[in-house]
Amino acid sequence: MNDTFLKACRGEQTPYTPVWFMRQAGRYLPEYQKVRRKVSFLELCKSPALCTEVTLQPIDIFGFDAAILFSDILIPMEAMNLELEFHEGRGPVFPQPVRSQKAVDALIVPDPEATVPFVMETIRLLRKELQVPLIGFAGAPFTLATYLIEGGSSKVFLNTKKMMFQEPELYHHLLLKITACTSLYLQAQARAGAQALQLFDSWAGILAPCDYEQFALPYVRSIIEDLRAMTDIPLIYFANNGATLVRHTVTLGADVLGFDWRLPIGDAIRQAGEHAVQGNIDPVALFLPKERLEQRIKTMLADAREARGYIFNLGHGILPETPPDQVRIAVNAVHRCSGR
Ligand code: CP3
């Protein structure tokens, strides 16, 4: 068992820098596309055998040091009694957005074992196959709420911010339900065998820091407290576009803070204090010519040498257009230049 990733999460010495990529299983891989041609995205997410297959693909092909469960942050939201659709090229859609007390009241806090058993089954199957640690994950409550309130992806998040500012009690009720669901969901993943858990706060960076502190942070804190009470596996918190939020995110009690590319990795490490750090090369830097990509990785590794623990990753998800050969070059460069 290669436990380099888990050691880095805990701030222990590692023989080299572990690497995995957000969205490492996905459309940039012909092997993934082949599976995807046979089933819809939601069918894929609900098939433990296929989820296991696509989770393993990037591990077998590139030698990443951690696997991330194949699923989606919106899967447990569907289980709250919501209709969820994925449209080709448009992403997720909730045809009935949650914008009223009636809609919030209609949401249930589901038992994950009963409503999304395929996720826990995937985790159990993967643990039998994997020689690297398995990361479970969920969306952070604020990010999940934006999808429910907007009815899908958004640019200005008008409906979400309007609810925050005009109907704070309604917003709070909604966030409490999402938080309860997410906490139970992550606890179930830990029980099923996930060896680390990552919370994705993809839209945290659209908030003013004072609003993040009031409308996003408390719900993440509550989930981390619940998890701490039942497991000691590493907890990773990734706030996309979160450079202005670090003074808040360092108070959450996570083991690892994930960073996007807008903050130089050395600055991120200094600001993260006792935390291990994960990140943060621009996903588009994978399109650099080989030598310049390798040089950039070398520089990042040098800038990260003071980290208490360092996990190399992208600053956000890999783009579907990325050539797989470039991923191989990057993973090999991280391993080679960090001493493997
Ligand atoms: O390899 C992995 O990282 C595990 C799988 C994973 C997916 N989604 C698969 C997926 C993970 C960890 C996610 C998280 C997720 N999903 C986030 C947080 C991370 C981030 O990118 O900020 C968010 C915001 C979502 C919601 C979501 N799912 C969107 C906006 C979209 C459409 C945009 C897109 O990239 O297509 C999805 C669909 C999705 N989730 C795909 C995959 C592989 C593409 C679906 C397909 O095969 O057509």
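Counting convention: from 1, in listed order, for ligands and their atoms alike.
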Does the distance from a Lys or Arg side-chain N to an Asp or Glu carboxylate O, for E31 and K34, drop under 4.0 Å?
-> no
Atom pair CG (L107) and CG (L176), whose distance is rounded to the nearest 0.5 Å | 12.0 Å
Specify the closest pair of heavy atoms between A268 and V277, including all atoms of both residues, with the distance to one decimal.
-> O-CG2, 4.3 Å
Could you note down all residue pairs passing salt bridge (Lys or Arg N to Asp or Glu O under 4.0 Å) where residues 295-310 supplies at least one of them, sequence neighbours left out?
-> E274-R308
Does N240 come within less than 4.0 angstrom of ligand 1, counting non-hydrogen atoms of the residue?
-> no
Look only at interatomic distance and state if W203 has a nitrogen or oxygen under 3.5 Å from any nitrogen or oxygen of ligand 1.
-> no
Can you tell me the protein heavy atom closest to atom 47 (O) of ligand 1 and the distance?
-> Y32 OH, 2.5 Å
Give every donor-acceptor pair under 3.5 Å between a side-chain atom in residues 191-210 and any protein atom, sequence neighbours left out.
| unit_1 | atom_1 | unit_2 | atom_2 | d |
| --- | --- | --- | --- | --- |
| Q195 | OE1 | R127 | NE | 3.4 |
| Q195 | OE1 | L134 | N | 2.8 |
| Q198 | OE1 | Q278 | NE2 | 3.0 |
| D201 | OD1 | T143 | OG1 | 2.6 |
| D201 | OD2 | Y237 | OH | 2.5 |
| W203 | NE1 | Y147 | OH | 3.1 |

Identify, for atom 24 (C) of ligand 1, the protein heavy atom at the shortest distance, and state residue, atom and that distance.
-> Y147 OH, 3.2 Å
Element-labelled atoms of ligand 1 that are located less than 4.0 Å from some non-hydrogen atom of S202 | 18 (C), 19 (C), 20 (C), 22 (O), 24 (C)
Of the protein's non-hydrogen atoms, which lies at the shortest distance from atom 11 (C) of ligand 1, and what is that distance?
-> F137 CZ, 3.7 Å
Examine distances only and state if a side-chain atom of T115 and a backbone atom of D111 form a donor-acceptor pair shorter than 3.5 Å.
-> yes
Looking at R27 and E88, does any basic side-chain N land under 4.0 Å from a carboxylate oxygen?
-> no
Do N159 and E150 get their side chains close enough for a donor-acceptor pair, meaning under 3.5 Å?
-> yes
Within 4.0 Å of some non-hydrogen atom of H316, the atoms of ligand 1 are 20 (C), 21 (O), 22 (O)
Please identify which atoms of ligand 1 are closer than 4.0 Å to at least one heavy atom of P92.
-> 29 (C), 30 (C), 31 (C), 32 (C)
Please write down residue, atom name and distance for the protein heavy atom closest to atom 5 (C) of ligand 1.
-> S71 O, 3.5 Å
Top protein contact for atom 35 (O) of ligand 1, by heavy-atom distance | R27 NH2, 2.7 Å
Taking only non-hydrogen atoms of L69 and a 4.0 Å limit, the atoms of ligand 1 in range are 4 (C)
Return yes or no for this condition: an N or O of T143 is under 3.5 Å from an N or O of ligand 1.
-> no
Which residue and non-hydrogen atom of the protein lie closest to atom 46 (C) of ligand 1, and at what distance in Å?
-> R36 NE, 3.4 Å
Report the nearest protein non-hydrogen atom to atom 26 (C) of ligand 1: residue, atom name, distance rounded to 0.1 Å.
-> D72 OD2, 3.6 Å
Would you say V250 and Q271 make side-chain contact, with heavy atoms under 4.5 Å?
-> no
So the atoms of ligand 1 within less than 4.0 Å of a heavy atom of G91 turn out to be 32 (C)
Atom 1 (O) of ligand 1 - nearest protein heavy atom and its distance = A25 N, 3.0 Å
So, are K102 and D105 salt-bridged, with charged N and O less than 4.0 Å apart?
-> no
